[in-house]
Each structure stands twice: as C-alpha cells, then as structure tokens.
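The block underneath contains the structure these notes are about, expressed in structure tokens.
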Amino acid sequence: MTPLETVMRDEWGRLLALLAAQFRRLDLAEDSLAEAFESAARTWPADGIPANPPAWLLTAARRRALDRLRAEAVAAKSLPLLAVEAEITANARRVLVDAAGEVGAVDERLRLILLCAHPSLPAESAAALTLRLVLGVPTADIARLFLVPTATMAARLTRARKRLSNARFDVPVGPALQERVGAVADIAYLAFTAAYAPGSGSDVVRAAEAGESLRLVQVVREVAPPSYELDALQALMMLQHARRDARVEDGRLVLLPDQDRSRWRMDEIADALALLTPLARDAPSTPYLLQALIAAEHSTALRAADTDWGRISEWYDELEALTGSPVVRLNRAVAVAEAEGPEAGLELLEGLDLPGHRLPAVRAELLVRADRLPEALAAYDAAIAACDNAAERAHLRGRVSRTSVRRS
C-alpha cells in the first residue's frame, strides 16, 4: 500500500466529515476531497510527501470547494463574491478544521456516520453510502459486495446523496441517538454478512469487503457514546473474520466443522474474547451479544468435536425468543441436531419458510444424517435450484454425489 493509499484508508472519512460540516454539502465535500487526492497522486511523487499529509489534503480540498462555490455564485449571479467569502469564513470559524489535531473531528465524523444511516434511506443504500463516504471504499468494490454492476451502484449512491441533500447534520440526543447508532450497527453487519454469504456470483467469500465492514464498526465505536451492543458486534465480527483464511480451499467452500483451525487467526480471536468477556458478565442479553457468545464457543473449541452444542442451542433458543427470526430458527435447528440428533433438528424446521437455498440445504443435511436418503436428495435438488452462488452450487452437487453413492 502506497503512502497515499494509507492516508486515504485512514483519513478519508475524517477529512470528508470536516468538509461536509464546514460546507454543509455532501456533493461538494466529496468531489473536492477526491480532487485533492488526485492532485496528491500527481504532485507527491515529484515534490515528496508533505510533513502533514492530512492537513495538505484538507487545505487542497477546501481550496477546490471555495473555487467551486465562487464559480457557482458567478454563474448564478445571485450572490456577490464578497458575500460568498463571508459565508464560508463564518462556517470555517464554526468548525475546527486543523487536521493535525482538531478538537471537533470526532463529533463531525459521528455526524457523517449518522447522516448516512438516515431513516429515509433503504438499508442497502445506507450501507453502501456509509462504506463510500465514511471509509472511502471505491464504488466498484461496493458494487461487488452487493452483487450489482458498478454503474448500478454509482446510480444508487447518487440517489442516496440526493435524498440526503436537505437532511440536517444535527446529532440526535438521548434515545434517538442510541436508535440511530443501532441502525449504523445493523448497516455494518448487513454489509459484513453480505461479504461472507454472497447470494450469487462465483465468490465463496469476499474477505476484504468484510474487513471494511469491521473497520466501520471500529470507527463508530471510536466516535459514538459507549454501547454494549456496539462492543458485542465488534467482538462478533472479529470472531467470524478471524476464520477467513480457513473458509476457502482451492476455490471451494469449507464448512466450519471441516476448517483447518490452525489457519484461524488466534491473536484476533484473543482480542475479541477480551472484549467479549466483561460483556458476558455485565451486559444485558442482546442479539449481537448472544451471537458473539455462539461464535466464541466455536472459536474456542480446539476441534469440531469439542464444540458444546448444548450451550449453543440454549443461546439460539434465547436469541429466537428475542428476535423471532426464521434465520435464527434455522441455525437453532442445526445446533439442536448436533446436540440431540437429526430428527430433533428436522422437527424445528417444520413449517419454517425462508427464501433461497439455505433452508432446503440444511434440511437435506439433516435428512442424510437421519438416513432418509430419498428425501435428502429431493431437498438437495431444491437447494441447487434456488442457489445463485456458483461455489455453493458446486458444494451442494458434491453432497448429492456422495449421497447418491451412499444410497446405492
């Protein structure tokens, strides 16, 4: 990673938040910052890296924003240039914009994060806009994450920006703030799960994009008020992300019981457990905390056979009571099948209705374990017909082949 790429990764969201707070226009702030980075890419190789790269970029971006405002004022002939300068100067005094160590940066970054999670935006649009504006993730990478063409994602981001054009930058207070922070957490986890469970395409997982979603949660925790739920979410994502190197082998999906646990990143698991331990003791049960406890049970088992499925079943039972989610019921059925046998798991699947291939795939696996092979093959066929991901389809076809051999 070049020095400029490093600065972009680490500082994009902070600089954009400062510019958006000063000029109160997302389009102006984003375009000006992008132009500043383009200028840096041209000049830094020849002139050398400045002593304070973020300050250089912020100054360059502010100059470009001022130039654009002057041009707009002249074109509209509606505001004298002196008035433009006076307005901008007043805004500059209101926001501390010293990139070397500004006092107001944390608040302004939180404003930007909460703005991206505005209730007027659909969840996927909010997730995409947050990744683009707060983390600077390229539009092409966001399109890949959400399985749409780059042009489609660019149009979606444009629509989201327009919808927010008149939105207030104010930070809500009290319960309203906690609610909006909760929405940001859900947005981050939506992007994370999209990366690790791609519904279509040829990728098994998209670990780089999952890492960006984890970074978003880390940023939110830095700037938002303390939150048990945010802490639990970061622990959950860290535990799941630590298994990324073992999830794929030779382009094939490797299920959790079959993963080479020596390839798990144990330092990251240790950090996640350190974050999770006081929560397990002191925090109230919440969906993210219960999911983190389940992930921790998997992550601390030295072998798949050492997993305490009885405890995991209890946590899934509590999680289903909290959420009423059919996806939780599906996962609970898997845990109960491991703890009590496949028929107990199949009983929990009765009457469950979920789109996609995961429900028939799980049913097929449990039917195989129950030695109900004709039913299992029919369920596999249903799963394959509903699956749009090439890697998962290949995995399911492999299971069909093994089941057919066993049946014969």
task = May I ask you to decide whether Glu392 forms a salt bridge with Arg397, counting only side-chain N to carboxylate O separations under 4.0 Å?
result = no
note = For Arg402, the side-chain hydrogen bond (donor to acceptor under 3.5 Å, both in side chains) test, sequence neighbours excluded, returns none
[atom1] of [X] to [atom2] of [Y]: how many Å apart, nearest 0.5 Å?
{"X": "Arg62", "Y": "Leu69", "atom1": "CZ", "atom2": "CG", "answer": "12.0 Å"}
{"X": "Leu18", "Y": "Glu11", "atom1": "CG", "atom2": "CD", "answer": "9.5 Å"}
{"X": "Leu214", "Y": "Leu233", "atom1": "CG", "atom2": "CG", "answer": "8.5 Å"}

Sequence neighbours excluded, every pair satisfying ring-ring contact (aromatic ring centres under 6.0 Å, His included) that has a member inside residues 24-48 = Trp12-Phe37, Trp44-Trp56
note = For residues 358-398, the ring-ring contact (aromatic ring centres under 6.0 Å, His included) pairs (sequence neighbours left out) are none
inquiry  = I want to know whether Tyr189 and Tyr288 have ring centres closer than 6.0 Å.
reply    = yes
Keeping [X] on the side-chain end and [Y] on the backbone end, is there a donor-acceptor pair under 3.5 Å?
{"X": "Arg393", "Y": "Cys387", "value": "yes"}
{"X": "Thr277", "Y": "Ala274", "value": "no"}
{"X": "Glu30", "Y": "Leu16", "value": "no"}
{"X": "Ser39", "Y": "Glu35", "value": "no"}

inquiry  = Please determine whether side-chain contact (heavy atoms from CB on, under 4.5 Å) holds for the pair Ile294 and His298, giving the CA-CA distance in whole Å, both sets of side-chain angles, and the decisive distance to 0.1 Å.
reply    = CA-CA 7 Å; Ile294 292 166; His298 288 300; 4.1 Å; yes
ask   = Which is it for Leu359 and Asp353 under the side-chain contact (heavy atoms from CB on, under 4.5 Å) test, yes or no, and what are the steps along the way?
value = CA-CA 8 Å; Leu359 174 57; Asp353 184 24; 5.6 Å; no
task = Give the minimum heavy-atom separation between Ala160 and Leu129, together with the two atoms involved.
result = CB-CD2, 4.1 Å
request  = Can you see which heavy atom on Pro54 is nearest to which on Leu15, and at what distance?
outcome  = O-CD2, 3.8 Å
Glu318 side chain to Ser285 side chain, donor-acceptor N/O pair below 3.5 angstrom = yes
ask   = Can you find a side-chain donor-acceptor pair between Arg221 and Gln234 that sits under 3.5 Å?
value = yes
